[in-house]
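Report on the following structure.
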Amino acid sequence: MEIVKTRTARGRGKWGHGTYDVELISCTQSWWDTAGSARSSITGFQLVCSAPAGPRCFSTEADRDAFIAASFSDLVLETVVPPEVWSEAQSLHDVLGVPLTAIETVEDYLCLLWPDDRLAIYSEVDVIEAGQRWRGGDEGFMVKLQSLVGQRVTAVDEILDRGLVLTFESSIELEVNLSEAADGIPEAAAHSSMDGQARGSLWMVGEPPFDT
């Protein structure tokens, strides 16, 4: 998975009773399949305001423009020339190289814990080692899952034909299904820092490009 952001404008404006620094940013996320032959990309549009307003995301540039027109009574924007382009890592990359401290089973979901991060998993999970796959309910699944405690994460990726994949230093992979829902739960997984504020990601079940 690749995340590329582009800053196209910045300025300052009045929204309600507050005045905010404002940036317009587009964000393109790209995914590949296991073979690297298929690619899917989605572009979203962000309105980033200084605190306490924070960022807002829109699926189209027209939706963002309409929100700005309806919300700001005074806004002066300057086009950024040339646009500023940079890459960002997914928030879960913060656990790379960090030993997993615990795995908790909470009712009908799993929670992976690191010193500064947590990953709650609500959808199906497979543990894969040397081509063999264990799924929840299979004999040996919990033993294999708990064997990951103490191991460092060496890779994190989102792969079109697999989902969210975490690779550990023993080469065991944890594969989270992003396409199919657990009963009555719309989220596949949720990552957050322990303080709940520094970073985080939410994966909704069947959200593009994992909607097929």
Side-chain angles (χ1 to χ4, degrees), residues 1-3 29-36 38-42 44 88-194 196 198-212:
M1 180 193 181
E2 178 183 70
I3 302 173
Q29 300 178 76
S30 299
W31 297 261
W32 287 263
D33 65 357
T34 302
R39 175 180 175 176
S40 180
S41 295
I42 297 173
E88 280 192 3
Q90 180 208 76
S91 71
L92 198 51
H93 278 227
D94 277 53
V95 304
L96 289 175
V98 181
L100 182 67
T101 55
I103 299 177
E104 297 179 352
T105 302
V106 185
E107 295 183 355
D108 55 353
Y109 70 94
L110 296 174
C111 190
L112 278 62
L113 301 173
W114 292 267
D116 296 319
D117 294 83
R118 67 192 305 272
L119 176 66
I121 302 173
Y122 305 100
S123 64
E124 286 187 341
V125 178
D126 287 1
V127 178
I128 305 166
E129 183 180 26
Q132 188 172 356
R133 185 180 292 263
W134 291 265
R135 181 165 294 177
D138 291 347
E139 184 178 355
F141 171 79
M142 288 305 299
V143 172
K144 281 293 178 183
L145 187 66
Q146 290 295 337
S147 74
L148 299 176
V149 174
Q151 293 194 38
R152 290 175 170 81
V153 179
T154 58
V156 176
D157 204 355
E158 293 177 32
I159 303 172
L160 284 175
D161 52 345
R162 297 185 63 188
L164 175 64
V165 181
L166 284 74
T167 305
F168 290 81
E169 58 188 333
S170 62
S171 297
I172 294 179
E173 294 180 323
L174 193 69
E175 183 180 286
V176 181
N177 190 331
L178 300 180
S179 299
E180 298 178 5
D183 291 341
I185 300 178
E187 298 91 356
H191 165 241
S192 68
S193 54
M194 285 301 187
R199 57 191 169 274
S201 296
L202 177 64
W203 293 267
M204 303 300 292
V205 171
E207 192 172 51
F210 299 97
D211 53 346
T212 57

Nearest 0.5 angstrom please: Arg118 CZ to Thr101 OG1, how far?
11.5 Å
Considering only heavy atoms from C-beta outward, does the side chain of Val125 approach that of Leu174 to under 4.5 Å?
yes
Could you work out, with ring pair (Phe, Tyr, Trp, His ring centres under 6.0 Å) as the rule, every residue matching Tyr109, not counting sequence neighbours?
Tyr122
Any donor-acceptor pair under 3.5 Å linking the side chain of Asp157 with the backbone of Met1?
yes
What are the two closest non-hydrogen atoms of Ala38 and Leu160, and how far apart are they?
O-CD1, 3.8 Å
Sub-4.5 Å side-chain heavy-atom contact between Leu166 and Leu148:
no
Side-chain donor or acceptor of Gln151 paired with backbone N/O of Ser170 under 3.5 Å
yes
Any side-chain heavy-atom pair of Lys144 and Asp138 under 4.5 Å:
no
Any donor and acceptor pair, going by atom type alone, linking the side chain of Ser193 with main-chain N or O of Ala198 inside 3.5 Å?
yes
Separation between OG of Ser201 and CG of Leu119, rounded to the nearest 0.5 Å:
9.5 Å
Gap separating the OG atom of Ser192 from the CG atom of Asp117, nearest 0.5 angstrom
7.5 Å
For the residue pair Thr154 and Leu96, what are the closest heavy atoms and their distance?
C-CD2, 3.6 Å
Ser30 and Arg39: side-chain donor and acceptor closer than 3.5 Å?
yes
Between Asp161 and Thr34: side-chain donor-acceptor atoms closer than 3.5 Å
yes
Kindly indicate whether the side chain of Met194, heavy atoms from C-beta on, has any atom under 4.5 Å from the side chain of Trp114.
no
Side-chain heavy atoms of Trp32 within contact of Glu2, under 4.5 Å:
yes
Residue pair Val156 / His93: nearest heavy atoms and the distance that separates them
O-NE2, 3.4 Å
Can you measure from OG (Ser123) to CG (Leu164) and round to the nearest 0.5 angstrom?
8.5 Å
Please test Ile128 against Val165 for side chain to side chain contact (heavy atoms under 4.5 Å, CB included), starting from the C-alpha separation and ending with a verdict.
CA-CA 10 Å; Ile128 305 166; Val165 181; over 6 Å; no
Can you check whether Gln90 reaches His191 side chain to side chain, under 4.5 Å on heavy atoms?
no
Compare every heavy atom of Ile159 with every heavy atom of Phe210, then report the nearest pair and how far apart it is.
CE2-O, 3.2 Å
State, to 0.1 Å, how close Trp31 and Glu158 come at their nearest heavy-atom pair, and which atoms those are.
NE1-OE1, 2.9 Å
Between Glu207 and Leu178, does the side chain to side chain contact (heavy atoms under 4.5 Å, CB included) criterion hold? Intermediate values first, please.
CA-CA 8 Å; Glu207 192 172 51; Leu178 300 180; over 6 Å; no
Is Asn177 reaching over with its side chain to a backbone N or O of Glu124, donor-acceptor style, under 3.5 angstrom?
no
Heavy-atom closest pair, residues Pro115 and Val98
CD-CG1, 3.7 Å
Roughly how far apart are Glu169 CD and Arg152 CZ, rounded to 0.5 Å?
6.0 Å
Measure the shortest side-chain to side-chain distance between Asp116 and Arg199 over non-hydrogen atoms and say whether it is less than 4.5 angstrom.
yes
Take Val153 and Phe168, measure what side chain to side chain contact (heavy atoms under 4.5 Å, CB included) needs, and give me the verdict at the end.
CA-CA 4 Å; Val153 179; Phe168 290 81; 3.6 Å; yes
Rounded to the nearest 0.5 angstrom, the CD-CD1 distance for Glu129 and Ile172 is 4.0 Å
